[in-house]
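Have a look at this one before I ask anything.
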Amino acid sequence: MSQEEHTEPDLALQHPESDARAQRLRKLADLRTANRDPFSVERVERSHRAADITNSAAAHWAMPDADRSALRFVTAGRITAHRLKGKVVFADISDESGRIQVYVRRDDVGEDLFNEFCAYDLGDYAEVTGYPFITRTGEPTLHVVDFHLISKALRSAPIGKTDDEGVVHGGLSDLEMRYRYRHLDLLANQPARDVLIKRCKVVSAMRRFLDDAGFLDVETPVLQVEAGGAAARPFLTHHNALNYDLKLRISLELFLKRLIIGGIEKVYEIGRVFRNEGVSTRHNPEFTLMELYQAYANLEDIMDLVEKMYLFICQQVNGSSTFQFGDKSIDLSLCPWRRLPMLEGIRQYAGIDPDELRTMEMAVAACKRINVSFNLETETTLGGLIEKLHEQYTQPNLIEPTFITDFPVETSPLAKRRQDNSNLARRFEIYIACQELGNAFSELNDPLEQRLRFEEQVQQRAAGDAEAHPMDEDFVEAMEYGMPPTGGLGVGLDRLALVLTGADSIRDVILFPLMRPNRRSIT
RNA sequence: GAGAGCAUAGCUCAGUCGGUAGAGCAACGCCCUUUUAAGGCGUGGGUCCUGGGUUCGAGUCCCAGUGCUCUCACCA
């Protein structure tokens, strides 16, 4: 600790009423003077968590008073409410399990300690020892016989008050504050904690499912010379000692396929990828992607796996096979899920017949006929235009789980072609609650074809498409050593968490979403 | 990247036609020994986002900037 920090309590004593923080510093100094420095505490031996006492109090209520008051429960947590009532004070102590009301009487602890307890601020951490009882108003409560402060909050946290109906008054609702200062969001808002926990359960359930299915959990490089495996612009960085530029990965695909080539038959990675694109309620520049590859499996095997895996995750996270989307209940156990070829969906929802989409000119004419809401000028390929129609017209209708199949091959440079129609890729995407929740291929394993696909992409790049896939000679060479037929899947985990938690924005399921630096961040 | 909106006490928010900056909660003081959005009386607390401009006078009107939100465009 610096000398400057040591002087702060003294400054507070000189200006004791200047502000709330100074008052708290003064209280801290008082505690230190009384040899009860909260920051000297290192360890707390809790016998119960807050919510456990609530249960125990009811269980012990039948005991004779004398026996029950001889019990000693120890718990600790943040003080989230206090109600001083003359010579007795009630306080709420909250930990991760919930909250417990504690009750301190002056006659029990003596005047000095009673006054000290009364001086504790909202946000402080206390350890309390006592026995359970139920108040006249019926609330399980810990009757405190001993306590001490174990950490001091120097700032007043935005802790709201909850009324009988569970409505929180006050608290923290400003979205910028919630995202920028997530610690305040989490300590003030129980729903924020619930979403965090659910998101973690999504990831752990997925890992458990894949581990149990025999997939190997691996890690591959984030820093890459060329960022491939997806259509996106990368972030650039630089290695000083080796003096060359690097890119942050935009997908996991190419390295995982090398593991397949190396003889690993079932492999997956859950990792952060980075795409240098816009920010929205559905996009964050860094997000968590899961990709898996299974040798000897085809597209239908992956569909089967997706149905089983998503059902498992939903059951683990929500405790049932259903989840809420708006006022609808979506049941993931109704297998097999709907399968809809992309062109069929466009016929159904955009009213354009597949025969009208055979050439770029015909497709543009058809789009003009139905007055599409997007800019036709920016579309350079027929496949791109078809995908656009799908996103604009079909996707908003895909509430129940749906596999969209038969993607245009020119937007799928890493997927096999259909044997019976070389314009279509052996690829599907999963849609649930109108969100794209997965993208799968029968992976292209023909190195000669792969080179041609990359060359087409390089041409699109030369024509101005900054997101077209770059040539990756090393990858093509790796494939020339022989890659088994393989099914692959990629899933944006933030989106999956978004849907399963019913969150409004991807920022609700990303703990620290990207924010522009504000004035306080620049020092 | 484009358009619209928002920015006032620690938190949630009012602020009329341009005329001394307001409430609830939180904080501080007093009263209250089973309260619970505890209650009662009293007190303190402001870079009205930043910088210019108009005006006798700006939280309010004008211009520029910053951040956030929403919609659109690109992306998952």
Please list, for nucleotides 9-12 of chain B, all pairs of protein and nucleotide N/O atoms separated by less than 3.5 Å.
from	atom 1	to	atom 2	distance (Å)
B:G10	O2'	A:Ser156	O	3.4
B:C11	O2'	A:Gly171	O	2.1
B:U12	OP1	A:Ser173	N	3.4
B:U12	OP1	A:Asp174	N	3.1
B:U12	O3'	A:Ser173	OG	3.4

remark   = Against the side chain of A:Asp121, the closest entry in B:A27, B:U36, B:U71 is B:A27
ask   = Given B:U34, is OP1 or OP2 found less than 4.0 Å from the side-chain N or O atoms of A:Arg105?
value = no
query = Mind checking who B:A2 pairs with, Watson-Crick or G-U wobble, both distances under 3.5 Å?
reply = B:U71
ask   = On RNA chain B, nearest-nucleotide positions of A:Lys87 versus A:Leu437: which is more 5'?
value = A:Lys87
request  = Would you please confirm or rule out a distance under 4.0 Å between OP1 or OP2 of B:U36 and any side-chain N or O of A:Arg83?
outcome  = no
Identify the pairs formed between an N or O of the protein and an N or O of nucleotides 72-74 of chain B at a distance under 3.5 Å, and give each distance.
from	atom 1	to	atom 2	distance (Å)
B:C74	OP1	A:Lys388	NZ	2.4
B:C74	OP2	A:Lys388	NZ	2.5
B:C74	O2'	A:Glu467	OE2	3.1

Anything under 3.5 Å between a donor and an acceptor, one on a side chain of residues 400-408 of chain A, the other on a protein residue two or more places apart or in another chain? List them.
from	atom 1	to	atom 2	distance (Å)
A:Thr402	OG1	A:Glu400	O	2.8
A:Asp406	OD1	A:Arg418	NH1	3.0
A:Asp406	OD2	A:Arg418	NH1	3.1

query = Judged by modelled atom types alone, do A:Asn284 and A:Arg507 share a side-chain donor-acceptor pair under 3.5 Å?
reply = no
task = Establish whether the base of B:U34 is bridged to the side chain of A:Arg136 by a donor-acceptor pair shorter than 3.5 Å.
result = no
task = Assign A:Glu436 to base, sugar-phosphate, or nothing according to its heavy-atom contacts below 4.0 angstrom with the strands shown.
result = sugar-phosphate
query = Within the structure, does a side-chain N or O atom of A:Lys161 lie under 4.0 Å from either OP1 or OP2 of B:A26?
reply = yes
request  = For the pair A:Asp121 and A:Lys27, find out whether any cationic side-chain nitrogen is under 4.0 Å from an anionic carboxylate oxygen.
outcome  = yes
